[in-house]
Amino acid sequence: MYVGIDVGTSTVKAAAFDATGRELAVAARPVGLALHGGVVEQDMDELYGAVVAVLQEVTERAPDPVALAGLTGQGDGVWLVDGDGRPVRPAASWMDGRAHEVVDRWLADGTFETVFRRTGSAMFPGCPGPLLAWLDSHEPKALDAARAALYCKDMVFQRLTGTGPTTDVSDASMPFLDPHTRTYDNRVVELLGLTHRRGLLAPVSDPIATARTRGEGLPAGTRIANGPYDLPACALGAGVTSPGDGLLIVGTCLASLVATTDLDLTGEPAGLYINTDRPGHWLRAMPAMVGTAALDWVLSTTGVRHEEVDGLLAETPPGANGVRVLPYFAPSGERAPFVEPRLRAELSGVSLESTRADLVRATCEGIGYAARHCLQAAGLTGSLAVCGGGTRSPAWMRLLADVLGRPLRVVEGEVGARGAVLAAAERYGVALDARAWTRPTAVVEPDAGRAAYYTKGYEEHLTRLTEARGRARA
């Protein structure tokens with residue numbers, strides 16, 4: 001039996017698989033987010049407790065011996081820990097917006113672009129560079145007390161195994177890693193004013209670190225591998241490894257990934273290049289800030305239940321009777337395929353005649369347009385897989401295929417956990433049939449007429465977005 005652990009932003013999951021990739025059991029626990037004034041934090045002890053709980057549950061429900069485990073989780077943010085991997089302060093989430101003024105300053109003085117040209121990382125407020133700079137100015141004692149500034153999965157790996165702090169090339173990609181050498185770029189550390197904090201950056205294990213567990217959640221001595229983080233893990237779990245092929249993750253974060261062997265650091269700085277376990281192969285990533293979270297907000301505000309979405313999408317036509325949504329709801333603005341820390345969501349075309357169905361469809365269409373923008377910027381030329389919580393809505397998947405104007409290879413289940421297991425198997429030399437493990441559950445074809453309609457709608461979306469970005473900078 002193989003176990004994958006996916007430590008998400010709002011939910012922690014563990015999944016057990018047999019040797020063919022069939023899911024044997026899945027366990028999940030919600031975890032909290034503290035949001036106040038643009039600050040978004042998580043309790044590391046609560047999150048780690050959820051990891052142990054889901055591992056205990058999944059191993060009890062599928063009691064075969066665990067051959068190995070793979071670990072993945074949310075990326076970015078700053079997870080300050082002491083020498084034992086215990087929290088020094090609450091984790092600053094990737095959704096955190098407190099460092100937006102730092103990013104604004106770096107955008108204005110050219111630091112932002114210089115870093116992108118060196119590492120392929122377009123920084124945003126919730127990534128480690130700006131957050132560490134903000135903490136250095138406002139909470140230096142927390143940094144003084146810390147042994148390491150880790151990423152989410154790294155904290156979990158250290159506590160599960162008792163090993164020292166470590167990260168991998170995927171998590172380290174933003175914003176300090178040189179994509180050519182796969183080591184930290186000390187000039188970038190200097191540009192961000194963090195040379196005196198250089199010791200907080202965890203050693204990069206390349207290939208990913210392995211260890212044996214101590215007995216919390218998993219049996220003592222279980223082989224486990226640390227990484228990659230959730231975006232590249234999902235790409236592995238969806239079978240996206242050939243250059244030009246892409247993955248759209250319709251989750252809390254709307255992430256667009258395209259496999260590539262071309263490292264192009266020209267053009268508008270946006271997104272990032274994620275280093276993979278294969279040198280010379282990257283994922284061009286455009287992880288937009290808000291995916292299903294935008295729809296969740298609209299559903300909560302209008303009193304609509306998730307199970308009503310499919311029916312409501314059928315009640316109103318393409319174009320949502322004139323209602324339009326720019327779905328940039330994150331308190332830290334947007335990070336892909338452009339960086340605009342002050343951008344906020346906009347609803348237009350709403351009148352007393354507008355219905356809940358109009359608002360829901362317009363939101364889903366807006367998210368689809370944002371996805372199309374990201375995939376285009378990432379260089380999608382091949383097939384497109386899609387995964388994440390949004391795939392549970394067949395009507396939304398049909399709408400998304402129409403908006404994107406291309407077939408969708410829908411990969412359901414615990415895709416990130418699958419990818420974590422595949423990465424661990426590769427690291428340990430365990431032969432698994434990756435094609436069987438990543439087989440799509442369905443292929444959704446676009447309707448030609450609706451796709452043509454949405455192609456025009458997409459151009460109108462870009463025009464509205466340009467105007468909104470101008471207002472955000474005013």
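Hydrogens, waters and symmetry mates are skipped; everything else that's a heavy atom, side chains included, is used.
Counting only distance, with no hydrogens or angles, the side chain of S300 and the backbone of W297 share no donor-acceptor pair below 3.5 Å. Remark: the backbone N or O of G8 is not paired with any side-chain donor or acceptor of T11 at under 3.5 angstrom. Side-chain atoms of S393 do not come within 3.5 Å of backbone N or O of G390 as any donor-acceptor pair. When atom types are taken as modelled, the side chain of T213 and the backbone of T161 share no donor-acceptor pair closer than 3.5 angstrom. Between the side chain of D84 and the backbone N or O of R86, no donor-acceptor pair lies under 3.5 Å. Remark: the backbone N or O of T241 is paired with a side-chain donor or acceptor of R278 at under 3.5 angstrom. Without hydrogens or angle criteria, S93 side chain to M95 main chain gives a donor-acceptor distance under 3.5 Å.
Under the rule for a ring-ring contact (aromatic ring centres under 6.0 Å, His included), the partners of W134 that lie at least two apart in sequence or sit in another chain are H138. The side chain to side chain contact (heavy atoms under 4.5 Å, CB included) check on R418 picks up F17, E23, W437, with sequence neighbours excluded.
Here the closest heavy-atom approach between residue I274 and residue P232 is recorded as CG2-CG, 3.9 Å. In plain terms, the two heavy atoms of Y2 and A67 that are nearest each other are CE2-CB, 3.8 Å. Between P446 and D402, the shortest heavy-atom distance links the atoms CA-OD1, 3.4 Å. Smallest separation of non-hydrogen atoms from G246 and L380: N-CD1, 3.5 Å. Scanning all heavy atoms of the two residues, the minimum distance from A211 to T163 falls at CB-CG2, 3.8 Å. Shown here for M289 and A330, the closest heavy-atom pair between the two residues is CB-CB, 3.6 Å.
To the nearest 0.5 Å, the span separating CG on L132 from CZ on R198 amounts to 12.0 Å. Between the CH2 atom of W94 and the CD atom of Q42 there is a distance of 10.0 Å, given to the nearest 0.5 Å. Taking CZ of R409 as the start and OG of S383 as the end, the distance is 5.5 Å to the nearest 0.5 Å. Between N275 atom CG and D168 atom CG the span is 9.0 Å, to the nearest 0.5 Å.
A donor atom on one side chain and an acceptor atom on the other are found under 3.5 Å apart for D18 and T20. With 3.5 Å as the limit, one finds a donor-acceptor pair spanning the side chains of Y458 and Q376. Between the side chains of D296 and H306, at least one donor N or O lies within less than 3.5 Å of an accepting N or O. Of the N and O atoms on the side chains of T9 and T252, not one donor lies less than 3.5 Å from an acceptor on the other residue. T276 and W282 form no side-chain donor-acceptor contact under 3.5 Å, judged by distance and modelled atom types alone. Judged by distance alone, the side chains of D154 and T167 do bring a donor and an acceptor atom under 3.5 Å apart. Donor-acceptor pairing under 3.5 Å is recorded for the side chains of E216 and Y48.
Applying the 6.0 Å contact sphere to CZ of R61 captures more than 12 heavy atoms from other residues, nucleotides or ligands. E426 CD: 12 or fewer foreign heavy atoms inside a 6.0 Å radius. Within a 6.0 Å radius of CZ in R89, more than 12 heavy atoms belonging to other residues, nucleotides or ligands are found.
Using the six-membered ring where Trp is involved, Y454 and Y369 have ring planes that are perpendicular, over 60° apart on the 30 and 60° scheme. Using the six-membered ring where Trp is involved, F338 and H373 have ring planes that are tilted, between 30° and 60° apart.
Using a 4.5 Å heavy-atom cutoff, the side chains of L399 and L313 are in contact. Within the 4.5 Å cutoff, no side-chain heavy atoms of I249 are placed close to those of D230. Counting only heavy atoms from C-beta outward, the side chains of L200 and L143 approach each other to under 4.5 Å. Using a 4.5 Å heavy-atom threshold, the side chains of Y328 and E340 count as separate. Counting only heavy atoms from C-beta outward, the side chains of Q74 and Y229 never approach each other to under 4.5 Å. The closest side-chain heavy-atom distance from P125 to D96 is not below 4.5 Å. At a threshold of 4.5 Å between non-hydrogen side-chain atoms, the residues P128 and F176 count as touching. Between Y184 and V204, some side-chain heavy-atom pair lies under the 4.5 Å cut-off.
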Steps toward side chain to side chain contact (heavy atoms under 4.5 Å, CB included) verdict (C152, L47)
CA-CA 9 Å; C152 174; L47 185 139; 4.1 Å; yes

Given side chain to side chain donor-acceptor pair (under 3.5 Å), test D262 with T260 step by step and report yes or no.
CA-CA 5 Å; D262 180 21; T260 184; 5.2 Å; no

Before you tell me yes or no, could you show the steps for D45 and R159 under salt bridge (charged side-chain N to carboxylate O under 4.0 Å, His left out), namely the whole-Å CA-CA distance, both residues' side-chain angles and the distance that decides it to 0.1 Å?
CA-CA 10 Å; D45 288 330; R159 291 180 66 169; 2.9 Å; yes

M174 vs F124, test: side chain to side chain contact (heavy atoms under 4.5 Å, CB included). Steps then yes/no.
CA-CA 10 Å; M174 172 68 85; F124 65 100; 4.2 Å; yes

Under the side chain to side chain contact (heavy atoms under 4.5 Å, CB included) criterion, do T119 and D178 qualify, and how do the steps go?
CA-CA 5 Å; T119 70; D178 183 325; 5.7 Å; no

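A salt bridge links E57 with R29: at least one charged nitrogen is closer than 4.0 Å to a carboxylate oxygen. Taking 4.0 Å as the cut-off between side-chain N and carboxylate O, R98 and E41 count as a salt-bridged pair. With salt bridges taken as basic N to acidic carboxylate O contacts below 4.0 Å, none links D82 and R147. Between K153 and D171 a salt bridge is recorded (basic side-chain N to carboxylate O distance below 4.0 Å). Between D76 and R335, at least one side-chain nitrogen of the basic residue sits less than 4.0 Å from a carboxylate oxygen of the acidic one, meeting the salt-bridge criterion. Using a 4.0 Å cut-off between charged side-chain N and carboxylate O, K13 and D6 make no salt bridge.
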